[in-house]
Amino acid sequence: MKIISILNHKGGVGKTTFTGSIAQALALTGRRVLAIDNDSQHNLSSLLNVGSVQPNILDVYRAPKESAPKRLLSAVVKTGLPNLHIITSCGDLVDGCVGDAYHLKNAIDECSLERFYDFVLIDNAPGLDQLQASAVNACHEIFVPTELCQFAVDGLVEMERTLAARCPLGGRVSKIIPNFYRNVRRHNTFLAALNTMFPERVTSTSILVDSVFDEVVTEGKILFLHRLYSKGAACYIRLVHELFMLDEEEVWDAVLGKRGEHMREEARERYYKMKEGSVGDD
Ligand SMILES: Nc1ncnc2c1ncn2[C@@H]1O[C@H](COP(=O)(O)OP(=O)(O)O)[C@@H](O)[C@H]1O
Ligand SMILES: [Mg+2]
């Protein structure tokens, strides 16, 4: 089992979109995935159409050390995709809830999550405080989605320094994923700078700017089932192949198969609703 934290001290760089999309893609290819929403804004919980439920990650942080593993397991809920589960978050989650920055790690270690999952993906709020430190201490690797602009690139060096000082035993930044990419000179310049500063760690796949990410969230849809032919979905299929060394054809076969099943189901549901007269003209 691999535990990955998705982290960037900046907000709005695509951490939650990345976590949700990667989690869905891995689950569609049959990997067993647990997503953990470690952000009080609980956007990941919304993206996966679960919302904030109780118990959630806050209850895990609040539980005494001995009962935290049990709490963690009881906080797991199913999503609309069979292999994808989530521990949701809530608005009351603040740094002060985390006493011991190893609490989450201990809880995960103690409940032998590897029996149930191949991947654990932890989505984080912006910043580098106790909540993020907990996730970093609990993980094996850190993935960093980033924008391509001067402040973002400068900030990553600083972020890595802070992480090494605050979480010496935690996971390290293994991949940096350029997001909001457009093939323009400015973006290509920053991309080249990133590659020079972090050799071997910047993914060769950049995620293109695509309004599809906002659309699927607004409509409560799943990127790979409802917008598979978008640029955004294609970027994520390449990313899954690159980050997890999954065969591209295997990913396509799995996703196309699940999409077909899903569309047949949707059509059938619509048919019966129409028969009962409960579907309008839209
Ligand atoms: N590649 C992209 N192209 C266009 N919009 C994107 C892309 N990635 C993310 N977004 C959008 O940008 C906004 C911020 O993304 P989000 O994942 O919430 O960032 P973070 O979790 O880092 O705060 C969301 O509205 C999301 O739909
Ligand atoms: Mg977020």
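Just so you know, ligand 1 is whichever comes first in the structure, and atom 1 is the first atom listed for that ligand. Model, not experiment: these values are computed from the prediction.
Heavy-atom contacts of Thr16 reach the following atoms of ligand 1: 17 (O), 21 (O) (cutoff under 4.0 Å). Taking a cut-off of under 4.0 Å to the non-hydrogen atoms of Gly14, the atoms of ligand 1 that pass are 15 (O), 16 (P), 17 (O), 19 (O), 20 (P), 22 (O). Which parts of ligand 1 touch Leu208 is read off a 4.0 Å heavy-atom cut-off, strictly below it: atoms 1 (N), 2 (C), 3 (N). Every atom of ligand 1 is numbered from 1 in the order shown, and the set under 4.0 Å from a heavy atom of Val209 is 3 (N). Taking a cut-off of under 4.0 Å to the non-hydrogen atoms of Val13, the atoms of ligand 1 that pass are 19 (O), 20 (P), 22 (O).
Around atom CD of Glu219, more than 12 heavy atoms belonging to other residues, nucleotides or ligands sit under 6.0 Å away. In Lys231, the NZ atom is crowded: over 12 heavy atoms of neighbouring residues, nucleotides or ligands sit closer than 6.0 Å.
Closest to atom 9 (C) of ligand 1 among all protein heavy atoms lies Thr17 OG1, 3.5 Å. Of the protein's heavy atoms, Gly12 N, 2.8 Å lies nearest to atom 23 (O) of ligand 1. Protein heavy atom nearest atom 8 (N) of ligand 1, with residue, atom name and distance: Asn179 ND2, 3.2 Å. The protein heavy-atom contact nearest to atom 2 (C) of ligand 1 is Phe213 CD1, 3.4 Å.
Heavy-atom distances between Asn8 and ligand 1 stay at or above 4.0 Å for every pair.
For the side chain to side chain donor-acceptor pair (under 3.5 Å) with Asp123, the qualifying choice from Thr17, Thr16, Asn43 is Thr16, the only one to do so.
Shortest non-hydrogen contact noted between Asn8 and Pro145 is ND2-O, 2.8 Å.
The shortest N or O to N or O distance between Asp210 and ligand 1 is below 3.5 Å. Among the atoms of Gly11, none of the N or O lies under 3.5 angstrom from an N or O of ligand 1. Checked against a 3.5 angstrom limit, the closest N/O atoms of Ile207 and ligand 1 fall outside it. The shortest N or O to N or O distance between Phe18 and ligand 1 is not under 3.5 Å. When only interatomic distances are considered, the shortest N/O to N/O separation between Lys15 and ligand 1 falls below 3.5 Å.
Summarising the contacts of atom 5 (N) of ligand 1 with Tyr236, Tyr181, Phe180, the nearest heavy atom is found in Phe180. Closest heavy-atom approach to atom 26 (C) of ligand 1 within the set Asp214, Thr218, Asp123: this belongs to Asp214.
Checking side-chain atoms of Glu242 against main-chain N and O of Thr205 turns up a donor-acceptor pair under 3.5 Å. Between the Glu141 side chain and the Gly171 main chain, no donor and acceptor come within less than 3.5 Å of each other.
Using a 4.0 Å cut-off between charged nitrogen and carboxylate oxygen, Arg268 and Glu265 count as a salt-bridge pair.
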The test is ring pair (Phe, Tyr, Trp, His ring centres under 6.0 Å); show your working for Phe213 and Phe180 and say whether it passes. CA-CA 11 Å; Phe213 298 110; Phe180 300 105; 8.5 Å; no
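For the residue pair Gln150 and Arg186, no side-chain donor N or O sits within less than 3.5 Å of a side-chain acceptor on the partner. Checking Tyr61 against Asn38 by side-chain atom types alone, a donor-acceptor pair falls below 3.5 Å. In this model, no donor atom of one side chain and acceptor atom of the other lie less than 3.5 Å apart for Ser89 and Asp39.
Note on Thr16: counted as a metal contact of the Mg ion (ligand 2), an N/O/S atom lying under 2.8 Å.
Ring geometry for Phe143 against Phe244 counts as tilted: the plane angle lies between 30° and 60°, on a 0 to 90° scale.
In this structure, atom 13 (C) of ligand 1 is not in close contact with the protein, since no protein heavy atom lies within 4.0 Å of it.
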